[in-house]
*Asks:* 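What follows is a single structure, and I will ask about it in a moment.
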Protein chains: 2
Amino acid sequence: MSIKESLAAVPLFKGLSEQQYDELAMVVVDQEFARGRTIFSEGDDGVGFYVIISGQVKIYKLSPEGKEQILHVFGAGEPFAEAAVFAGSSYPAHAMALKNSRVFFIPRSAFRELIKDNPSLAMNMMASLSMRLKRFAHMIEDLSLKEVPGRLAAHLLYLGNEQGGASDEVELQIGKAHLASLLGTIPETLSRILTRMQKQGFIDSAGKSVQLLDRQGLEELATGERRLG
Amino acid sequence: MSIKESLAAVPLFKGLSEQQYDELAMVVVDQEFARGRTIFSEGDDGVGFYVIISGQVKIYKLSPEGKEQILHVFGAGEPFAEAAVFAGSSYPAHAMALKNSRVFFIPRSAFRELIKDNPSLAMNMMASLSMRLKRFAHMIEDLSLKEVPGRLAAHLLYLGNEQGGASDEVELQIGKAHLASLLGTIPETLSRILTRMQKQGFIDSAGKSVQLLDRQGLEELATGERRLG
DNA sequence: CGAATCCTTGAGTTCCCTCAAGAGAAGTGG
DNA sequence: CCACTTCTCTTGAGGGAACTCAAGGATTCG
């Protein structure tokens with residue numbers, strides 16, 4: 001796929017003119033990262049941001065003891081590290097490819113030029129940043145005010161909505177260890193809680209596929225109205 | 001103070017032309033909130049955002065059981081709830097005045113008009129949103145990867161930097177109960193940890209004033225290299 | 001089929017929350 | 001200015017959720 005075609009598939013760039021797509025295509029750097037490769041590390045000089053063309057990328061923090069907290073998992077079409085373009089000069093977290101991924105790197109200065117002359121791009125960017133803020137606020141709320149079963153229930157319901165609520169089957173796009181890290185816990189604890197949820201009939205879990213058997217019950221777990229026995 | 005003068009003191013609006021200040025001054029709604037009054041609640045229709053002219057405002061989430069998690073405490077010159085202008089339609093958290101406060105409400109549509117024709121305002125806004133994202137990312141990291149002593153140490157050092165690092169004395173701008181809520185804990189736990197830090201010579205705490213006696217040691221507590229005995 | 005990775009299960013410990021009550025500070029009114 | 005209420009903070013005892021450490025089972029991949 002050409003660079004221009006790939007750019008057209010990125011929601012953030014919706015509304016650019018032909019000429020602007022060309023300008024953008026001139027400055028982006030087409031990059032490939034194999035599964036497990038680091039894209040950047042916390043503290044690296046943040047000279048631009050990325051959009052994912054294909055694959056999957058995790059943004060995460062590490063504690064000195066090596067525990068990991070995933071901030072976000074991004075897929076095709078999504079930008080990441082945009083904040084580095086507008087604030088501060090270094091990346092505030094690590095980024096690693098979870099699958100073999102193709103990404104475009106967009107240098108800060110070129111993008112700042114482009115956005116100056118394009119209000120709709122600016123609006124898209126502000127909408128994107130705002131959405132991230134909202135998700136982070138939600139994450140803080142979950143970490144501080146909910147226990148792990150509540151966080152897991154909330155996440156399962158979130159996936160249920162994302163993936164077209166028709167069926168009761170949701171697909172965890174990531175492994176259990178990663179899911180644990182995203183929920184602010186560890187694999188052992190996640191495993192135990194999945195088992196308990198299954199025994200109590202809330203879900204039916206098999207590999208990366210989970211059946212939501214009792215959405216109502218999960219909702220109550222998520223809000224803290226009910227507790228896992 | 002006139003509306004225009006007050007607006008000029010807001011960093012977000014730096015770079016506006018005379019005429020744009022006038023436009024803005026025409027649409028803002030000047031409001032006063034007494035200490036303890038709610039400015040908006042989670043889920044309320046988010047038809048605009050606010051800037052604080054004077055006073056102090058907390059943005060917070062509540063659990064069903066009534067536990068509170070403060071997301072941010074804002075002071076004079078700072079905007080809040082900007083995200084509501086660009087994403088979603090309802091406020092994702094609660095806002096309450098911690099002191100008697102004067103705020104300007106800025107309706108969404110008027111602001112979107114203004115920002116469309118003013119790239120520098122858009123840049124300011126994106127910088128502001130990016131900074132918030134960074135702070136939230138930090139908060140998630142702290143909640144998930146640090147224990148309460150580490151979070152407290154990190155916060156004290158943060159205040160130390162904010163308040164001109166010359167003296168070792170920092171001023172907690174908020175009460176202990178609020179600080180606990182900001183750190184994702186409860187007043188009892190915070191109190192115990194302050195006592196322990198004091199006994200071990202890291203700090204000297206008296207009311208809202210705290211002496212940082214051992215910045216190096218606090219740093220080590222914050223990173224998790226050292227533990228509170 | 002074997003190796004490596006990922007996931008699960010068990011036992012023990014720790015941090016922090018809950019519940020309860022007392023001490024201190026701050027604001028009000030006589 | 002002092003008693004009073006009220007709010008805020010501190011201290012204690014007990015319990016629970018989740019983490020650490022350790023090892024066994026399941027999946028995946030070459």
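Note that these values count all heavy atoms, side chains included, but never hydrogens, waters or copies made by symmetry. Proteins get letters first, then strands, A, B, ... in listed order; numbering begins at 1 in each.
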*Asks:* Assess the side chains of A/S167 and A/E169: does a donor N or O sit below 3.5 Å from an acceptor N or O?
*Replies:* no
*Asks:* Rounded to whole Å, please give me the gap between CD in B/E65 and P in D/dA17.
*Replies:* 13 Å
*Asks:* In whole angstrom, what separates A/M197's CE from D/dA17's P?
*Replies:*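 Atom CE in A/M197 sits about 14 Å away from atom P in D/dA17.
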*Asks:* Below 30° counts as parallel, above 60° as perpendicular, anything between as tilted: where do the rings of B/F74 and B/H72 land?
*Replies:*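 Because their plane-to-plane angle is under 30°, the rings of B/F74 and B/H72 count as parallel.
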*Asks:* Which class fits the ring pair B/F13 and B/F49: parallel under 30°, tilted 30 to 60°, perpendicular over 60°?
*Replies:*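 Ring orientation of B/F13 relative to B/F49: tilted.
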*Asks:* I want to check one thing: is the phosphate of D/dT11, taken as OP1 and OP2, less than 4.0 Å away from some side-chain N or O of B/T195?
*Replies:* yes
*Asks:* Please report, rounded to the nearest Å, how far the C1' atom of D/dC9 is from the CD atom of B/Q198.
*Replies:*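 Distance, rounded to whole Å: 14 Å.
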*Asks:* Taking atom P of D/dA18 as reference, at what distance in whole Å does atom CG of A/L183 sit?
*Replies:*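 The answer, rounded to whole Å, is 11 Å.
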*Asks:* Send over the distance from B/L143 CG to D/dC19 P, rounded to a whole Å.
*Replies:*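 Distance check: B/L143 CG to D/dC19 P gives 13 Å.
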*Asks:* Can you measure A/L190 atom CG to D/dA17 atom C1' for me and round it to whole angstrom units?
*Replies:*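 Going from A/L190 (CG) to D/dA17 (C1'), I get 15 Å.
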*Asks:* Which letters describe nucleotides 14-28 of chain C, given B = protein heavy atom under 4.0 Å from base, S = only from sugar-phosphate, - = neither?
*Replies:* -SSBBBB--------
*Asks:* Would you please classify the geometry between the A/F80 ring and the A/Y50 ring as parallel, tilted or perpendicular, with 30° and 60° separating the classes?
*Replies:*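 It falls in the parallel class, under 30°.
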*Asks:* Check the pair B/E65, A/L145 against side chain to side chain contact (heavy atoms under 4.5 Å, CB included), reporting the backbone distance first and the verdict last.
*Replies:* CA-CA 9 Å; B/E65 302 88 43; A/L145 303 177; over 6 Å; no
*Asks:* Nearest whole angstrom, please: distance from the P of D/dT28 to the NZ of A/K176.
*Replies:* 11 Å
*Asks:* Any side-chain heavy-atom pair from B/V10 and B/F104 closer than 4.5 angstrom?
*Replies:*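 No, their side chains stay 4.5 Å or more apart.
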*Asks:* From CG of A/L194 over to P of D/dA18, roughly how many Å is that when rounded to an integer?
*Replies:*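 Nearest whole value for this atom pair: 13 Å.
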